[in-house]
Amino acid sequence: MSAKTGHSNTGTAPSDRPAGIKEASIHPIPTKSNGVQRNLKTRHVSMIALGGCIGTGLFMTSGSTISKAGPGGGLVAYIAMGIMVYFLMTSLGELATNQPVSGSFATYNAKYVDPALGFAMGWNYWFNWAITVAVDISTAALLIQYWLPHTPGWVWSMLVLAVIFLINALTVSAFGETEYWLSLIKVVTVIIFLILGFCMIFGIMFHPAVGFSNFTYKDAPFVGGFPAILSVFLIAGFSFQGTELIGVTAGESEDPEHAVPKAIRSVFWRLLIFYMLSIFVIAAIIPYTSPNLLSAANGDIAMSPFTLVFKRAGLAAAASVMNVIVLTAVLSSANSGMYASTRMLYSLAEEGYAPKIFGRTTKHGIPMASLIVTTIISLATFGSSIFGEKIYMWLVAASGLTGFIAWVGIAISHFRFRRAFIRQGHKVSELKYHAKLFPLGPILALILCIIVIGGQNIDAFIHWDWQQIGITYIGLPLVLILYFGYKIKNHTHIIPLDEVDVSPSDLSKEHQGAEA
């Protein structure tokens with residue numbers, strides 16, 4: 001275990017520490033010397049953040065937003081979610097540059113709100129990504145069977161899981177480099193798609209010009225009014241899941257003080273532009289009444305809006321090409337998921353919330369025990385998809401809200417951190433990076449997150465379908481059980497603002513410890 005460094009600004013002696021707060025959650029966690037290593041370069045962090053949100057949400061389900069709410073409704077939904085994610089990323093950026101740790105927002109929940117919240121958020125997030133890896137390897141097998149339909153899917157799933165394990169077992173730079181190139185493939189695909197799409201819209205090399213008639217076709221641009229827009233908020237929100245990985249990678253970034261703000265500044269605008277322009281191109285070329293838009297959301301690669309546009313541009317092998325791209329996106333998701341869950345379990349051990357063995361690392365800085373257990377859980381979940389479909393369905397459902405719940409934790413943590421920072425006599429100018437429009441940013445993000453969580457399955461409440469309510473919202477009671485269970489057992493309480501430790505990490509001490 002790494003030695004603990006740093007000290008509180010509050011002057012609180014160890015004996016006066018609020019009940020339930022462990023030493024590891026008070027002091028900064030060094031990430032060198034028998035711990036994880038800072039070997040992720042700035043380009044890794046930026047591309048991981050950018051590629052983390054470009055996946056099946058954009059390639060497959062983005063068209064369904066147009067189908068359900070029209071081109072205007074789809075654009076409004078993505079713009080609204082983009083603004084929310086921007087505020088969340090700037091909030092996380094402020095926290096991650098002040099305290100760059102692998103536990104990220106779970107650690108911040110414990111330090112700035114309540115140790116019980118950190119415990120609940122950490123275990124919930126680990127569980128989510130371990131389950132997501134299982135879903136991703138199942139999806140990867142289906143994509144591979146597109147070319148090899150007569151081969152057993154479970155063989156491909158096991159192969160993908162083995163490859164993902166090996167990548168994460170080597171070094172963090174191996175993970176970063178793999179994710180960099182997988183993400184780059186997705187980014188290049190979107191750029192080519194946009195170039196071809198606009199050429200078709202304006203009649204450049206493609207005749208006749210498509211134009212913008214689909215934006216006013218029948219009930220367009222807005223179809224179904226506000227309820228329809230609210231329903232596609234959920235689709236747009238899921239598309240942006242993964243942005244919080246910036247906070248997790250900060251714990252192993254070579255230069256988090258510069259890499260994290262740079263990633264946030266560049267990634268947000270690129271993502272918003274990529275998504276907005278992609279939705280714009282799809283809406284212009286494919287009318288919202290096309291059944292293909294919904295077929296793609298159900299997993300039909302041949303009906304992906306990207307596939308359809310590439311086919312119109314004359315790419316005969318469009319379906320195969322998009323299958324490769326979507327497979328790349330799924331592999332990237334599995335790779336990131338394995339990394340995020342492993343680092344979260346490592347952090348939980350560092351905080352004292354998990355057995356100490358999960359906090360031990362190899363000489364290359366890999367928390368091997370955490371990686372092995374996460375892989376076993378993913379494997380067990382995958383096995384349940386074969387031998388117990390109902391169990392698998394509930395496991396996947398339990399992880400569905402985790403990303404939004406983590407976003408709620410980020411907003412709350414940032415709000416309390418900044419208030420504590422000012423309360424203790426500090427100035428915003430002291431921060432290495434500070435979020436704009438405080439407190440509007442985290443408050444707006446928190447409200448939108450709650451709306452999205454609450455609106456996951458309104459129909460189930462209208463018809464009082466208890467099974468559907470349970471499947472959709474099971475993630476919420478699980479988090480509450482973790483939170484109150486830890487709180488009752490350890491008698492924790494919300495930390496008073498005057499006692500919140502807002503001291504920054506001293507990275508120079510980390511390097512000294514590594515060189516010693």
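Not measured: the values here are computed from a predicted model.
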Next item on the list: May I have the step-by-step check of side-chain contact (heavy atoms from CB on, under 4.5 Å) for Thr402 and Tyr125, ending in yes or no?
Entry: CA-CA 6 Å; Thr402 301; Tyr125 196 72; 4.2 Å; yes
Next item on the list: Please test Leu88 against Leu92 for side-chain contact (heavy atoms from CB on, under 4.5 Å), starting from the C-alpha separation and ending with a verdict.
Entry: CA-CA 6 Å; Leu88 285 168; Leu92 186 56; over 6 Å; no
Checklist line | Stepwise side-chain contact (heavy atoms from CB on, under 4.5 Å) test for Val281 and Ile201 | finding: CA-CA 8 Å; Val281 167; Ile201 291 171; 4.3 Å; yes
Next item on the list: Please step through side-chain contact (heavy atoms from CB on, under 4.5 Å) for the pair Trp407 and Val452, ending with a clear verdict.
Entry: CA-CA 11 Å; Trp407 288 358; Val452 170; over 6 Å; no
Next item on the list: Test side-chain hydrogen bond (donor to acceptor under 3.5 Å, both in side chains) on Thr289 and Lys218 and set out the steps.
Entry: CA-CA 9 Å; Thr289 53; Lys218 290 189 175 181; 5.4 Å; no
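Shown here are the side-chain hydrogen bond (donor to acceptor under 3.5 Å, both in side chains) partners of Tyr78, two or more places apart in sequence or in another chain: Ser239.
Interatomic distance, OH of Tyr433 versus CD of Glu257, reported as 14.0 Å (0.5 Å rounding). Between atom CG of residue Leu277 and atom CD1 of residue Ile191 there is a gap of 11.0 Å, rounded to the nearest 0.5 Å. Considering CG of Asn168 and OG of Ser341, their distance stands at 8.0 Å, rounded to 0.5 Å. Here the straight-line distance linking atom CH2 of Trp466 with atom CH2 of Trp464 works out to 4.5 Å at 0.5 Å rounding. Atom CG of Leu245 is separated from atom CD of Glu179 by 8.0 Å, given to the nearest 0.5 angstrom. Note that CG of Asp255 is 12.0 Å distant from CG of Leu40, once rounded to the nearest 0.5 Å.
Residues Ile462 and Asp459 have side chains in contact (heavy-atom distance under 4.5 Å, counting atoms from C-beta outward). With contacts defined as side-chain heavy-atom distances shorter than 4.5 Å, the pair Thr97/Pro256 does not qualify. Side-chain contact between Phe417 and Ser91 is absent, with no heavy atoms from C-beta onward closer than 4.5 Å. In this structure the side chain of Leu476 reaches within 4.5 angstrom of the side chain of Ile405, judged on heavy atoms. A heavy-atom distance below 4.5 Å is found between the side chains of Leu379 and Met158. Residues Val408 and Ile453 form a side-chain contact, since some pair of their non-hydrogen atoms from C-beta on lies under 4.5 Å apart. A 4.5 Å side-chain heavy-atom check between Leu345 and Trp129 finds every atom pair outside the cut-off. Here the side chains of Val326 and Phe306 are not in contact, with every heavy-atom distance at 4.5 Å or above.
Between Phe461 and Tyr473, the ring planes lie tilted relative to each other; the angle falls in the 30° to 60° range. Between Phe175 and Tyr339, the angle of the ring planes stays under 30°, which puts this pair in the parallel group of the 30/60° scheme. Taking the six-membered ring where the residue is Trp, Phe280 and Phe198 present parallel rings, their angle staying beneath 30° rather than reaching 60°.
Remark: side-chain polar atoms of Thr307 are not paired, donor with acceptor, to backbone N or O of Ala319 under 3.5 angstrom. No side-chain donor-acceptor contact under 3.5 Å links Asp465 to the backbone of Ala460. Panel note: side chain Ser64, backbone Ser67; no donor-acceptor pair is recorded below 3.5 Å. Not a single donor-acceptor pair under 3.5 Å links the side chain of Gln145 to the backbone N or O of Pro152. In this structure, the side chain of Ser347 does not engage the main chain of Met344 through any donor-acceptor pair within 3.5 Å. One N or O on the side chain of Thr216 and one on the backbone of Ser213 form a donor-acceptor pair closer than 3.5 Å. Thr342 places a side-chain N or O within 3.5 Å of a backbone atom of Met338 that can act as its donor or acceptor partner. Of the possible polar contacts, one joining the Ser304 side chain to the Phe59 backbone as a donor-acceptor pair under 3.5 Å is found. At distances below 3.5 Å, not a single donor-acceptor pair connects side-chain atoms of Ser336 with backbone N or O atoms of Ser333. Counting only distance, with no hydrogens or angles, the side chain of Ser290 and the backbone of Pro287 share no donor-acceptor pair below 3.5 Å.
Atom CH2 of Trp181 sits in a sparse spot, with 12 or fewer heavy atoms from other residues, nucleotides or ligands closer than 6.0 Å. Within a 6.0 Å sphere centred on NZ of Lys432, other residues, nucleotides and ligands contribute more than 12 heavy atoms.
Between Leu95 and Ile410, the shortest heavy-atom contact is CD1-O, 4.3 Å. Contact detail for Gly74 and Ile279: the closest heavy-atom pair is C-CG2, 4.3 Å. Scanning both residues, Leu448 and Ala80, for their nearest heavy atoms gives CD1-O, 4.2 Å. In this structure, Ile66 and Ala283 approach most closely via the heavy-atom pair CD1-N, 3.6 Å. Nearest heavy atom pair, residue Pro439 against residue Pro442, reads O-CD, 3.4 Å. Smallest separation of non-hydrogen atoms from Ser320 and Tyr146: OG-CE2, 3.8 Å.
For the pair Arg43 and Tyr180, the cation sits on the ring face: its NZ or CZ lies under 6.0 Å from the ring centre, inside 45° of the axis.
Side-chain atoms of Thr42 and Lys262 include no donor-acceptor pair closer than 3.5 Å.
Phe212 and Phe202 have their aromatic ring centers within a separation under 6.0 angstrom.
The salt bridge (Lys or Arg N to Asp or Glu O under 4.0 Å) analysis of residues 71-97, with sequence neighbours excluded, yields the pairs Glu94-Arg418.
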